[in-house]
Protein chains: 2
Amino acid sequence: MAAPAPPTTHLAHELRETLGRVVRRLRAEPGPPIPLLSVIGLLDREGPASVSELAATQRMRPQSMAQTVKELEAAGLVSRRPDPADGRRAIVELTPAGRTTIRDSRAAREDWLSTTLDDQLDAGERAELRRALALLDRIAGA
Amino acid sequence: MAAPAPPTTHLAHELRETLGRVVRRLRAEPGPPIPLLSVIGLLDREGPASVSELAATQRMRPQSMAQTVKELEAAGLVSRRPDPADGRRAIVELTPAGRTTIRDSRAAREDWLSTTLDDQLDAGERAELRRALALLDRIAGA
DNA sequence: TATTGTTATACTCTATAACTATA
DNA sequence: TATAGTTATAGAGTATAACAATA
């Protein structure tokens with residue numbers, strides 16, 4: 001007979017611990033902080049978006065995202081233009097410098113995480129991780 | 001023929017985003033902060049440990065773990081006693097209150113994460129997540 | 001009134017630097 | 001000298017509260 005599954009409280013505990021370990025490992029790498037990379041990566045892939053939209057996709061408060069966008073703007077990586085259809089909204093988009101930053105870092109393989117995922121995991125494991133991210137997003141959305 | 005795997009840079013990007021979303025979702029829940037829960041959960045499962053040992057399992061600096069342990073001690077959830085064999089070391093262990101706290105929160109299902117993992121994922125998906133955590137720990141260890 | 005966004009402020013988490021005490 | 005631990009300090013990341021402007 002198969003071994004019984006460990007209780008879910010164990011999984012919860014291990015998830016909390018692993019999350020902490022990975023986030024700290026990521027932060028230990030030099031380069032732009034995680035939230036900044038997430039946002040410019042998102043803008044590169046999905047195109048311009050408002051602050052509220054960015055906040056929603058990251059499940060972050062709009063006030064917090066405003067800070068992040070302000071930092072990116074100060075660094076010259078994104079710019080804002082008013083939404084012609086709605087004076088309240090501002091559309092955030094990558095500047096050429098921002099696009100260069102995110103693409104160069106990928107092309108030059110300066111991205112520690114990408115490199116490590118390639119080195120430490122095989123193709124099947126990467127696919128497995130991809131599927132698990134969908135599960136984690138389901139948890140995040142609950 | 002099978003669809004080609006998306007480039008690893010996409011996986012890296014999605015991993016960063018998902019990690020952020022889950023951590024923020026977890027933090028939004030009332031109750032003890034993640035690092036505190038991790039430590040008392042670990043002590044409950046593995047038994048007493050020194051500050052350095054706790055720091056190593058969490059891949060955290062000993063100075064940072066000292067802060068966490070200080071908070072737990074102030075809250076009366078852990079206590080310290082000198083290691084009889086090595087005067088430099090202090091052994092951290094759960095107090096009865098600490099043990100009650102971690103176990104009650106589980107028994108009473110006050111633990112949002114455990115409950116959500118049970119509600120949102122089926123047994124196969126939880127097993128899949130468990131395997132993925134091992135992959136993430138490999139990344140964290142690299 | 002509701003929505004979009006911002007600024008001010010504070011708290012959590014974790015790091016580095018500098019130190020003490022014991023081995 | 002090396003190791004275990006601490007305190008002081010700083011910085012990143014994010015939240016709540018209060019506000020202005022537009023719909």
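Chain A is the first sequence line, chain B the second, and so forth, proteins listed ahead of strands; every chain is numbered from 1. Keep in mind the model is a prediction, meaning the values are calculated, not measured.
- At D:dT7, none of the side-chain N or O atoms of B:Arg61 fall inside 4.0 Å of OP1 or OP2 (strictly under the cut-off).
- Considering only the side chain of B:Arg24, D:dA15 comes nearest among D:dA15, C:dT6, C:dC13.
- When each of A:Pro32 and A:Pro84 is assigned the nucleotide of DNA chain D with its nearest heavy atom, A:Pro32 is the one assigned upstream, toward the 5' end.
- With hydrogens and angles ignored, the 3.5 Å screen pairs no side-chain donor or acceptor of A:Arg25 with any backbone N or O of B:Gly141.
- In this structure, CD1 of B:Ile34 is placed 19 Å from P of C:dC11, rounded to the nearest angstrom.
- For a distance-only test at 3.5 Å, the side chain of B:Ser50 fails to qualify as a donor-acceptor partner of the base of D:dA4.
- Here the P atom of nucleotide D:dT3 and the CD atom of B:Glu53 are 15 Å apart, to the nearest Å.
- Rounding to whole angstrom units, CZ of residue A:Arg80 and P of C:dT4 are separated by 16 Å.
- Rounded to whole angstrom, the span from the CG atom of A:Leu36 across to the P atom of D:dG11 amounts to 17 Å.
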### Task
Using a 4.0 Å cut-off on protein heavy atoms (strictly under), produce a 5'-to-3' string for nucleotides 17-23 of chain C with B for base contact, S for backbone-only sugar-phosphate contact, and - for none.
B----BS

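- A side-chain donor-acceptor contact under 3.5 Å links B:Arg138 to the backbone of A:Gln120.
- Counting non-hydrogen atoms under 4.0 angstrom, B:Met60 reaches the backbone sugars and phosphates but no base.
- Here D:dT14 presents its P atom at 15 Å from CZ of B:Arg25, a figure rounded to the nearest Å.
- Using a distance-only test at 3.5 Å, with no hydrogens or angles considered, no donor-acceptor pair links the side chain of B:Gln67 to the main chain of B:Ser64.
- With rounding to whole Å, B:Glu29 atom CD is found 17 Å from D:dT14 atom P.
- Contact check, A:Lys70 against C:dG5: no side-chain N or O comes under 4.0 Å of OP1 or OP2.
- Looking at B:Glu71, its side chain never comes within 3.5 Å of a backbone N or O of B:Thr68 through a donor-acceptor pair.
- Looking at A:Arg130, its side chain does come within 3.5 Å of a backbone N or O of B:Pro6 through a donor-acceptor pair.
- At a threshold of 4.0 angstrom between heavy atoms, the contacts of B:Ala28 with the nucleic acid are absent.
- Rounded to an integer number of Å, the gap from A:Glu73 CD to C:dT6 C1' is 12 Å.
- Side-chain atoms of A:Arg21 come within 3.5 Å of backbone N or O of B:Thr57 as a donor-acceptor pair.
- For D:dA4, the base has no donor-acceptor partner in the side chain of B:Ser52 [N/O atoms by modelled type, under 3.5 angstrom].
- When the side chains of ILVMFWY residues are joined at heavy-atom separations under 4.5 Å, either directly or via intervening members, A:Leu43 and A:Ile91 end up in two distinct hydrophobic clusters.
- For B:Pro33, the listed nucleotide lying nearest its side chain is C:dC13; candidates were D:dT6, C:dC13, C:dT7.
- Residue B:Ser64 places none of its side-chain N or O atoms closer than 4.0 Å to OP1 or OP2 of C:dC13.
- A straight line from CZ of B:Arg21 to P of D:dG13 spans 17 Å, rounded to a whole angstrom.
- Panel note: side chain B:Thr95, backbone B:Gly98; a donor-acceptor pair is recorded below 3.5 Å.
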